[in-house]
Amino acid sequence: MSACTPTRHDDPHRKEHSHEPHSPPSPRPRGPRLTGADVSASIAVFLIALPLSLGIALATGAPLQAGLVAAAVGGVVVGRLGGAPLQVSGPAAGLTVVTAELIQRYGWRTTCAITVLAGLAQLGLGLLRVARTALAVSPAIVHGMLAGIGVTIAVAQLHIVLGGTPHSSVLLNLRDLPAQLARVQTAALSVSALTLCLLLAWPRLPGRAGRLLRVVPAPLVAVTGATTSAALLGFGLPKVDLPSWSSHALAGLPEGPTLGLIAAVLTITLVCSVQSLLGAVAVDKMVAARPALSGRVRRADLDRELLGQGAANVVSGTLGGLPVAGVAVRSTANVNAGAVSRNSTMLHGVLVVIAALLMVPILELIPLASLAALVMAVGIQMVSLHHIRTVTRHREVLVYAVTTVGVVFLGVLEGVALGIGMAVAVALHRLTRTRITHHEKEGVHHVHVRGQLTFLAVPRLSRTLHLVPQGAHAVVELDGSFMDHAAYESLQDWQSTQTAHGGTVELVGRRTGVRIGEPTGPAGLHPDGGTTASDSSGCRCHPWTPWRNHQCAIPESGGPAQRNDAETTTARAPEDTEHTEPSGLTTKLGALGAPGTPGTPGATVEAPAPPSSPRTPDATTPTANQLARGISAFQRNTAPLVRSELARLAREGQQPSQLFLTCADSRLVTSMITSSGPGDLFVVRNVGNLVPPPGEESGDDSVAAAIEYAVDVLRVRSITVCGHSGCGAMQALLAADQDTAQTPLRRWLRYGGPSVARMADGSRPAARLAGRAAADTVEQLCLTNVIQQLEHLRAHDSVSHALRAGELELHGMYFHVGEAQAYLLSEVHEGEVFDHVGVADLTA
């Protein structure tokens, strides 16, 4: 969101700051500024990256210096150019198997050239802005790929842990594992075991002393402890060997079969890109979970992140480094250490360069067995039980298993291809798995269709429908969300035949109280694959309009004909809630026919209301049942989906991140506009989205109390004041008559008086929408009112204190109801502008 930072309008010399639309303004100067949090975070990440980079290089069979080159380039280049400020890049365990295979097949210099070509391919993809397509890959495939790579790493490094040498394939490593167990080297196993024990025990140290000691990263403690122990005990184990930088091998011209090289480039590009983009999204989630960071760190720009990763791979491959990708372990450490900018990532890369040049004698004391144990632990952690439970819950465990097995025994690219094929097969199976049942009860034949109706289900549908005798009464319940043209025609033809022989067909949808068909009328189907009303009995229902569209069939006494004749719903004009609707009109839904004529969907038939009062509900009117029916629909359809989340919120209490203050207008559905769910927003609604200034003798402190509670108790990170088009409160302010009696509504609207005065003040820049001025005076006042209410908001003590402490942001928002378009307030030199928000602005 674009933030409205605190301002003072009484200073004519105040400098206004501009920032890029739709990105939060930085609370610090735009120039690079190194903070203490960034320095401490960079040191923590450096201490983790140093041993992991050496271990990953060891696992791939590349020169150990290649890991340091990739770590330095990933930190500096991606840190500077990437789109995820807090994601740390470097040599990743997910690339170990791919790189090891390339080194075995083509040699080191050609592998470096392949890394360069993969980086160029990433640059091309970034320029094409297709980064989001990588997120279309099923998470089961991604998790399965990582699990397969983790198994491969763990099995290979196990040989080094036992004192042997790994082979190039998992099958060979598994075949020789019994022989390796028979000739275990005690010294190597002891050092490896000590490394694993320290790695697992260090994060679990109890007490206050444990909290202080855990500041030092566990990988550094594990490798340092194992190295020290090996030196004190005099173990003669193979150690890290870093040759002189003068003999370091750089990239050469690629040599090998063209198709093989193209496949290798595509593999590196795919694995690096998917891992980095998914990592960027994960880092965004971690930042959002840290209130202290969420307002200071921009969300990831995935296309820019892909460009940064591509540039890093070009540089790393050219300098003789491993492929670079976003790394989850280091990124998590960076966020948890409190980093607030990309400076921490860049500084960690600089520290790696310094270590590679000045700490060679210290690094050469590390036993290879210790590094192998460290990498083996990382490989085991890549087989996540949480991911397995997740894919099992979503019935995608078969995709996960096929991908994992394919990666382990065939290779990464082959395993991913198998996973994609399995995912497509599972999706087709679900699409074709339509259950169609038939049973007779009390002379009525019931046909229940559960699932999607496509041409593949037409034979079964036709076979089941013909079990209904001609001339009988039938009820067809469609419990699905899609119907293609073939299924539509089959069902319509059968219904026409059935009614022609004197039978009746009633088509019923799955929503409570929504009748889709007409017992004696023509087909209640829509040729686009949906379902619609038949005669006067139904309508097209949408989940966000239950009051108008979900009471289409109101059961009444009498037969079907009497019931359908009485199925009407009160006409509601799409205006403000203050609008007075015509009291003598009702709207009757029509049957399938020509548009715009009586008896068609969407056509209206005006009829006088009954003599009794139209606003007095009784047992047979829609208004008497709509609340109960809405609750019933929630209990049936929505409650099972949200019950677990609401149970968690009930246990943990509410922890919203935003206070959303908006108008009471019924057309503003805050959860829909902001794509939020339970527990996300603390919402305050009133007529005109007004914020009474503190100290007013109003006798109503409800808004001030809500603000104080949200800021001081709930600790929200932002407050949004949202206005909207066609606001009845603003219209009432413009049409205010001083002689009008001071009703409660008039007394409340006096808090909008400063907005009217602000709009009339010619010395102030007029608030406007991006690209155009306000359409009319009402819209101008709606925009000005948002800005004025933000000024009132800043005057509250709790808000002003939080703003000064940098713990709170203010946002202005305007929602155009007719356009279904949201605008966010930003400050530019020309005045207050509400910027357009579109799909392209959503970067993660």
J.: Please check if the side chain of Gln87 supplies one atom and the backbone of Ser331 the other of a donor-acceptor pair under 3.5 Å.
T.: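 Here the side-chain-to-backbone pair does not exist.
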J.: After noting the C-alpha distance and the side-chain angles of Leu306 and Ser273, does the key distance pass the side-chain contact (heavy atoms from CB on, under 4.5 Å) rule?
T.: CA-CA 7 Å; Leu306 197 54; Ser273 301; 3.5 Å; yes
J.: Side-chain contact, heavy-atom cut-off 4.5 Å: Val721 with Met813?
T.: no
J.: Do the side chain of Arg643 and the main chain of Thr638 share a donor and acceptor less than 3.5 angstrom apart?
T.: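 No.
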J.: Would you indicate whether the side-chain heavy atoms of Leu270 and Val274 approach each other to under 4.5 Å?
T.: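 Contact flag for Val274/Leu270 side chains = yes.
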J.: Quick check: do Thr670 and Arg685 have side-chain heavy atoms less than 4.5 Å from each other?
T.: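 Counting from C-beta outward, Thr670 and Arg685 do come under 4.5 Å.
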J.: Between Arg450 (side chain) and Asp479 (backbone), is there a donor-acceptor pair under 3.5 Å?
T.: no
J.: Any luck finding a side-chain donor-acceptor pair between Ser89 and Gln309 under 3.5 Å?
T.: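 Checked: Ser89/Gln309 side chains pair up, N/O donor to acceptor below 3.5 Å.
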J.: Donor-acceptor check, side chain of His796 to backbone of Val799, threshold 3.5 angstrom: yes or no?
T.: no
J.: Using atom types as modelled and distance alone, determine if a side-chain donor or acceptor of Gln275 lies under 3.5 Å from a backbone N or O of Gly326.
T.: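 Between the backbone of Gly326 and the side chain of Gln275 there is a qualifying donor-acceptor contact (under 3.5 Å).
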J.: Without swapping roles, check the side chain of Gln452 against the backbone of Thr434 for a donor-acceptor pair under 3.5 Å.
T.: no
J.: Would Ser344 and Asn334 count as having a side-chain donor-acceptor pair, cut-off 3.5 Å?
T.: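 Ser344 vs Asn334: donor-acceptor pair found between side chains.
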J.: Within this structure, what is the CG-CG distance for the pair Leu825 and Leu810, rounded to the nearest 0.5 Å?
T.: 10.0 Å
J.: With a 3.5 Å distance limit and no angle check, can you tell me whether Thr720 reaches the backbone of His811 through a side-chain donor-acceptor pair?
T.: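 Looks like no, no N/O pair under 3.5 Å.
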J.: For side-chain contact (heavy atoms from CB on, under 4.5 Å), just list the numbers for Asn686 and Val703, CA-CA rounded to whole Å, side-chain angles, deciding distance to a tenth of an Å, and then say yes or no.
T.: CA-CA 9 Å; Asn686 61 53; Val703 176; 3.7 Å; yes
J.: Hey, could you give me the CZ/OG1 distance between Phe409 and Thr152, rounded to the nearest 0.5 Å?
T.: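 Reported value, rounded in 0.5 Å steps: 8.5 Å.
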J.: With heavy-atom distances below 4.5 Å as the criterion, would you say the side chains of Val447 and Ile436 are in contact?
T.: yes
J.: Taking side chain as C-beta onward, heavy atoms only, is Pro85 less than 4.5 Å from Ser341?
T.: no
J.: I'd like to check Thr390 versus His394 (side-chain heavy atoms, cut-off strictly below 4.5 Å). Are they in contact?
T.: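 SC-SC contact between Thr390 and His394 confirmed.
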J.: Treating Trp202 as the side-chain partner and Leu213 as the backbone partner, does any N or O pair qualify as donor plus acceptor under 3.5 Å?
T.: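 Yes, because the side chain of Trp202 sits within donor-acceptor range (under 3.5 Å) of the backbone of Leu213.
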